[in-house]
Engineer: 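Below is one structure. I have some questions about it.
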Amino acid sequence: MNYNFTEIEVKWQKIWKEKKTFRVALEGQRKKFYCLEMFPYPSGSGLHVGHLKNYVPTDAFCRYKSMQGFNVLHPMGWDAFGQPAENEAMRRGRNPREMVPEYAASYRSTLIRAGCSYDWEREINSSDPEYYRWTQWIFLLLHRLGLAYRSTAPINWCPSCKTGLANEEVKDNRCWRCDTLVEKKPMPQWFFRITAYADRLLADLEKLDWSQGMKEMQRDWIGRSEGAEVDFAVAGSDVKIRVFTTRPDTLFGATFIVLAPEHPLVAQLTTATQQRKVNAYVRKAQGESEIDRLNATRSKTGVFTGTDAINPVNGERIPIWIADYVLMGYGTGAIMCVPGHDVRDFEFAKKFKLPIRQVVSRDGTTYNLESAEILEGIAVNSSEWSGLPTAEFKQTIGRWLEDKGIGRPTVNYRLRDWLISRQRYWGAPIPIVHCPACGEVPVPEAQLPVLLPDVENYHPSGTGESPLAAIPAFVHTTCPACHGPARRETDTMGGYACSSWYFLRFADPGNDGAFASRSALDYWLPVDVYTGGIEHARSHLLYARFWTKVLFDQGLLGFEEPFNLLRNQGSLLAFTPGRRPRSLEEKGGSDDKIVDWIVLKHDERDQVPADQVVWRWARMSKSKGNVVTPDDMTERYGADSLRVYEMFVAPFEDDVHWSEEGIQGSHRFVARVWRWLQAALALYRPDWRETLPRQETETERRVRRKLHQTVQKVGAQIETFQFNTAVAAIMELLNEMYACAPLDREELAPGPNPAVVSELAETLTLLMAPFAPHLAEEVWQQLGRCESVYRAPWPPFDPVVAAAEAVNVMIQVNGKIKDKVRVALDCDEETVKQEAMRSEKIKQLLSGRQVVKMIFIKNKMLSIVCK
RNA sequence: GCCGGAGUGGCGGAAUUGGCAGACGCAUCAGACUCAAAAUCUGACGAGGAAUUUCUUCGUAAGGGUUCGAUUCCCUUCUCCGGCACCA
């Protein structure tokens, strides 16, 4: 029978839907398995084959787990709130409220056509009031705990998106949505106090089965650094300047102090003679864009305040400067400068002719410093502490500072609080009311959700106020506390608020009395396997961990880490035509981020002469016009072939260069499986177990051994996310099957034992089920089964059948393989030696030489060393 | 600059604990089937050498080391990818 994949796939997708095959319910006595892919925001470009690089392998994983008897939770939903969706709606002149469900429907249909096993009854949409009601509820919880607060600080402002951004949303000083350079703008904004959890977020990384790189990124982002705070007295005053340093052991080398230009003490410390210079410098620093200030390569600038401080360890007077290389946002905004052992301080000291003193040495001697020497070593020029090794000195000086009451050991983090408010329409409104009498008042729980009003024009205002501020009916309200007139908060929450708890909602999506019931959470959570792109390393994954810990601390959850196992899929790259930039503007101006390649727009492709087209591999995206759609591939090769290709083409975490030749190869394989199984049907007998031959032929033994080995291998490799080698193992098996039971036209050539053929056919069908589920269902039915193969038990393997009975043992002479002997499995050393000595070649090599030693590794190797 | 990860045929990639390098697939070539083509099936396929169904040398970015034995462990160098980057 011909492999009519379209017919088979449509048929089974319909049956799965009708029979609700993938619906799951809490079954306390059954072991659960929760597999989750980061929920996407539904974009108008639809899904492309790159997205399936994630969804398809995890789907195979779920199907495998179901066959193993697990109660599998595999949900899907839409990260519908937030800038990506809103930006897209604006681009298309649509209202996101109408657009989102439409695009979600398109995603859903593509996923269904790819054969993905989602429980669609649990579909969630973060822009649904029934969902964001609980996002607001968690906001209020954080507020109650003092973990949500409003403060005015210079924030990252994207002039193109017209909203503030969290630090995590800024990369290379650009908005990560639109690549526009961000500005610093002081504005009252809402923050979540994630820094209060910095230590736990860092420590608990140890427990997680995440890639090394992923954990490292989180560690770097949290940026814990141990050091000490030291108070420097200001000469002739009782003012103190507190500095943070990671090297308190270099205090004797501190020859000046630098404050950030924004430091609150600057005005007070500036003397009349320096006033003009300092004022000018501070003004310049304020006016300067962040990008210039953070540019580490430009030369240092700064001015003297006119005042000195006293170095507490030696009583020396040292000058106080201000310079923009010190940031107000980190540590105390003031540093003690040890030019001998810090590159930046060294450069500053050289430029302004400040003294440089060596206080750490490689070997305890003093020598001339050509440049800053960053090292741990032996203290020198440090009075009675000279001679102490760095680590010891750090501890001693820490205690000394504490005793004197002028300092203490401290820990500092790079992580900043999470800026959550957005001056945008498309997000969950922040449930706070501003009352002239009572101040900031949380909206009572019973009044949730604070509905996002339906409006015609939702475009960002650009004034720094959300478009909601222009809707009087929304803004004007009464204070929940005193019932006087009050104003609603008009900022909305950034999209990451929604995605910080959605994995909890999937456990109990319909609950209208809580974000999820405790029993559902206890049963389904935490997530057993979580997958998604690496781009969320420092944002979503950090935020979600933070919220989970807060909910845990409130006794609302029984676990502290939401995603114990995380894997990041690679992306698909397409060969894409582009061209060189033509103007300076296209190059990105004078900026350091140089654009040297611009994707050709569709209408440009015919206009640009062929010799000017530059082809490159680029990530698939609709905007580049290089996408391959799953629907197209499904039509031409079938969903099962597409699935097999997505898994076989490369390891899960690797990027892939898309080619259509590859999918043809996978299609050949799937069709070959189909043909063999169709031929085998004629010989199939369900009672094959009872009629397996007692005396197997060599061929039967060989193919059955391969079969049982493959069952073992495929299971183990799915567990470890090695989908590519799992498919390869089935390919090997199929090759062996064709060799042992070849086809003659459309039938099995005469000869093979029906029981063995039956075992092969049945087991192969089950092995294929996670990868090519439609084909497997069809054959499973042809084999006379009524229940879905999704619930069929994963085949067991017999270790005795799988065991090789004879092995090749390599014979090495002086480290080189010279011969091999075929011996029984687990054959002992003596026998292998005797066999080896029978070999002419070995005999010849050993003649006249003295054997020094022999190393024997069972089933592998006999290594003979001789002189 | 600092911190991760990686480097294997023409290509994607595979190789338990250090033990037959190149599984599986793509591409290519040859053969079978066919009037022909497609599809399918079979075979060859790292590089070099020789007395060419066989034998042999080299070969996992480069160089060194440990070891009976290294793609695997250690050191040095190079390249690529990713993250951070005036964070005191």
Side-chain angles (χ1 to χ4, degrees), chain A residues 171-172 211-221 223-225 227 243-247 250 254 258 260 293-298 300 323-327 329-338 341-345 347-348 374 412-416 534-535 537-538 568 644-645 648-651 653-657 659-666 668-669 671-672 675 716 722 724-735 738-739 742-746 807-817 819-820 841 852-866:
Chain A
K171 199 190 155 183
D172 294 336
S211 75
Q212 209 47 51
M214 205 70 173
K215 289 198 205 179
E216 210 51 47
M217 269 189 245
Q218 292 226 333
R219 266 184 219 119
D220 286 350
W221 194 251
R224 181 190 152 97
S225 81
V243 304
F244 173 73
T245 176
T246 53
R247 293 297 298 266
T250 60
V258 173
R293 244 189 103 165
L294 287 178
N295 184 355
T297 52
R298 68 172 193 167
K300 300 267 176 295
D324 63 6
Y325 80 93
V326 175
L327 309 172
Y330 184 79
T332 59
I335 60 168
M336 65 175 216
C337 298
V338 185
H341 306 283
D342 181 285
V343 224
R344 296 149 301 179
D345 299 345
E347 192 195 332
F348 195 82
I374 321 298
N412 244 302
Y413 297 93
R414 216 196 98 84
L415 182 71
R416 310 294 157 83
I534 193 128
E535 65 275 15
R538 56 182 205 197
N568 308 109
V644 167
Y645 180 58
F648 177 66
V649 64
E653 312 221 344
D654 285 11
D655 285 350
V656 170
H657 300 99
S659 90
E660 205 163 317
E661 281 147 2
I663 189 173
Q664 284 169 11
S666 294
R668 260 198 290 277
F669 162 68
R672 221 158 101 88
R675 277 198 306 276
Q722 293 169 284
N724 57 330
T725 52
V727 173
I730 303 178
M731 287 174 169
E732 276 187 65
L733 169 65
L734 189 69
N735 288 343
Y738 267 81
L743 296 193
D744 181 11
R745 290 171 203 275
E746 300 203 343
V807 288
N808 289 333
V809 172
M810 299 300 123
I811 310 298
Q812 280 189 0
V813 177
N814 284 347
K816 296 224 173 209
I817 291 159
D819 206 354
K820 56 187 167 189
K841 202 161 164 193
V852 182
K853 69 172 169 178
M854 288 209 197
I855 296 125
F856 177 70
I857 310 286
K858 198 161 75 176
N859 296 331
K860 299 244 156 114
M861 176 82 49
L862 178 69
S863 186
I864 305 166
V865 189
C866 60

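Letters A, B, ... are given to chains in the order of the sequence lines, protein chains preceding strands, and every chain is numbered from 1.
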Engineer: Restricting to side-chain hydrogen bond (donor to acceptor under 3.5 Å, both in side chains), what partner residues turn up for A:R219, sequence neighbours left out?
Structural biologist: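 Listed in chain order: A:E216.
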Engineer: By the rule that syn is within 90° of 0, classify the base conformation of B:U52 as syn or anti.
Structural biologist: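 Base orientation relative to the sugar is syn.
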Engineer: Could you pull out all residues at least two apart from A:D342 that satisfy salt bridge (charged side-chain N to carboxylate O under 4.0 Å, His left out)?
Structural biologist: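 Expected list: A:R344.
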Engineer: Restricting to nitrogen or oxygen on both sides, can you table the protein-nucleotides 79-83 of chain B pairs closer than 3.5 Å?
Structural biologist:
from: B:G83; atom 1: OP1; to: A:K171; atom 2: NZ; distance (Å): 2.6

Engineer: Once side-chain contact (heavy atoms from CB on, under 4.5 Å) is applied, do any residues pair with A:Q722, and if so which ones, sequence neighbours excluded?
Structural biologist: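 With sequence neighbours excluded, A:Q722 shows a side-chain contact (heavy atoms from CB on, under 4.5 Å) to A:Q717, A:T720, A:N724, A:T725, given in chain and number order.
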Engineer: Which residues pass the side-chain contact (heavy atoms from CB on, under 4.5 Å) test with A:N735, sequence neighbours left out?
Structural biologist: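 Checked A:N735 against side-chain contact (heavy atoms from CB on, under 4.5 Å); matches are A:R672.
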Engineer: Can you tell me how far P in B:U52 sits from the matching atom in B:U77, rounded to whole Å?
Structural biologist: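 Result for the P pair: 49 Å, nearest Å.
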Engineer: Between A:K853 and A:V656, which residue's closest nucleotide on RNA chain B lies nearer the 5′ terminus?
Structural biologist: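 The residue closer to the strand's 5' end, by nearest nucleotide, is A:V656.
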Engineer: My understanding is that only residues two or more places apart in sequence, or in another chain, count here; which of them pass side-chain hydrogen bond (donor to acceptor under 3.5 Å, both in side chains) with A:E732?
Structural biologist: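 In terms of side-chain hydrogen bond (donor to acceptor under 3.5 Å, both in side chains), with neighbours along the sequence ignored, A:E732 is linked to A:K706.
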Engineer: Name the pairs: protein N/O against N/O of nucleotides 50-61 of chain B, kept only if under 3.5 Å.
Structural biologist:
from: B:C58; atom 1: OP2; to: A:K816; atom 2: NZ; distance (Å): 3.4

Engineer: Does A:Q218 have any side-chain contact (heavy atoms from CB on, under 4.5 Å) partners at least two apart in sequence or in another chain, and if so, which?
Structural biologist: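 If we apply the side-chain contact (heavy atoms from CB on, under 4.5 Å) test to A:Q218, skipping adjacent residues, the hits are A:L205, A:W210, A:L541, A:L542, A:R545.
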Engineer: Run through RNA chain B and report every stem of 3 or more consecutive Watson-Crick or G-U pairs, distances under 3.5 Å, ordered by first number.
Structural biologist: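 Stem list for RNA chain B: B:1-7 with B:78-84, B:10-12 with B:24-26, B:28-32 with B:40-44, B:46-50 with B:54-58, B:61-65 with B:73-77.
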Engineer: With sequence neighbours left out, write down each residue that passes salt bridge (charged side-chain N to carboxylate O under 4.0 Å, His left out) with A:E660, or none if nothing qualifies.
Structural biologist: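 Only A:R636 meet the salt bridge (charged side-chain N to carboxylate O under 4.0 Å, His left out) criterion with A:E660.
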Engineer: The side chain of A:D654 is closest to which nucleotide in this list: B:A88, B:C86, B:G13?
Structural biologist: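 Nearest listed nucleotide: B:G13.
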Engineer: When rounded to the nearest Å, what value does the distance between P atoms of B:A38 and B:A47 take?
Structural biologist: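 It works out to 27 Å between them.
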Engineer: Does B:A51 sit syn or anti, given that only angles within 90° of 0 count as syn?
Structural biologist: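 It is syn.
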Engineer: Say we look at B:G65 and B:G10: how far apart would their P atoms be, to the nearest angstrom?
Structural biologist: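 Rounded to whole Å, the distance is 28 Å.
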Engineer: Quick one, give me the B/S/- string for nucleotides 19-29 of chain B, reading 5' to 3', where B means a protein heavy atom under 4.0 Å from the base and S means that only happens at the primed atoms, P, OP1 or OP2.
Structural biologist: BBS-BBSSS--
Engineer: Say we look at B:C74 and B:G7: how far apart would their P atoms be, to the nearest angstrom?
Structural biologist: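 Those two atoms are separated by 14 Å.
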Engineer: Could you classify B:G65 for me, syn or anti, using a glycosidic angle within 90° of 0 as syn?
Structural biologist: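 With its glycosidic angle more than 90° from zero, B:G65 counts as anti.
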Engineer: Would you compute the distance between atom OG of A:S863 and atom CG of A:N814 and round it to the nearest 0.5 angstrom?
Structural biologist: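 Atom-to-atom, A:S863:OG and A:N814:CG are 8.0 Å apart.
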Engineer: With sequence neighbours excluded, what pairs up with A:K858 under the side-chain contact (heavy atoms from CB on, under 4.5 Å) test?
Structural biologist: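 Listed in chain order: A:D826, A:F856.
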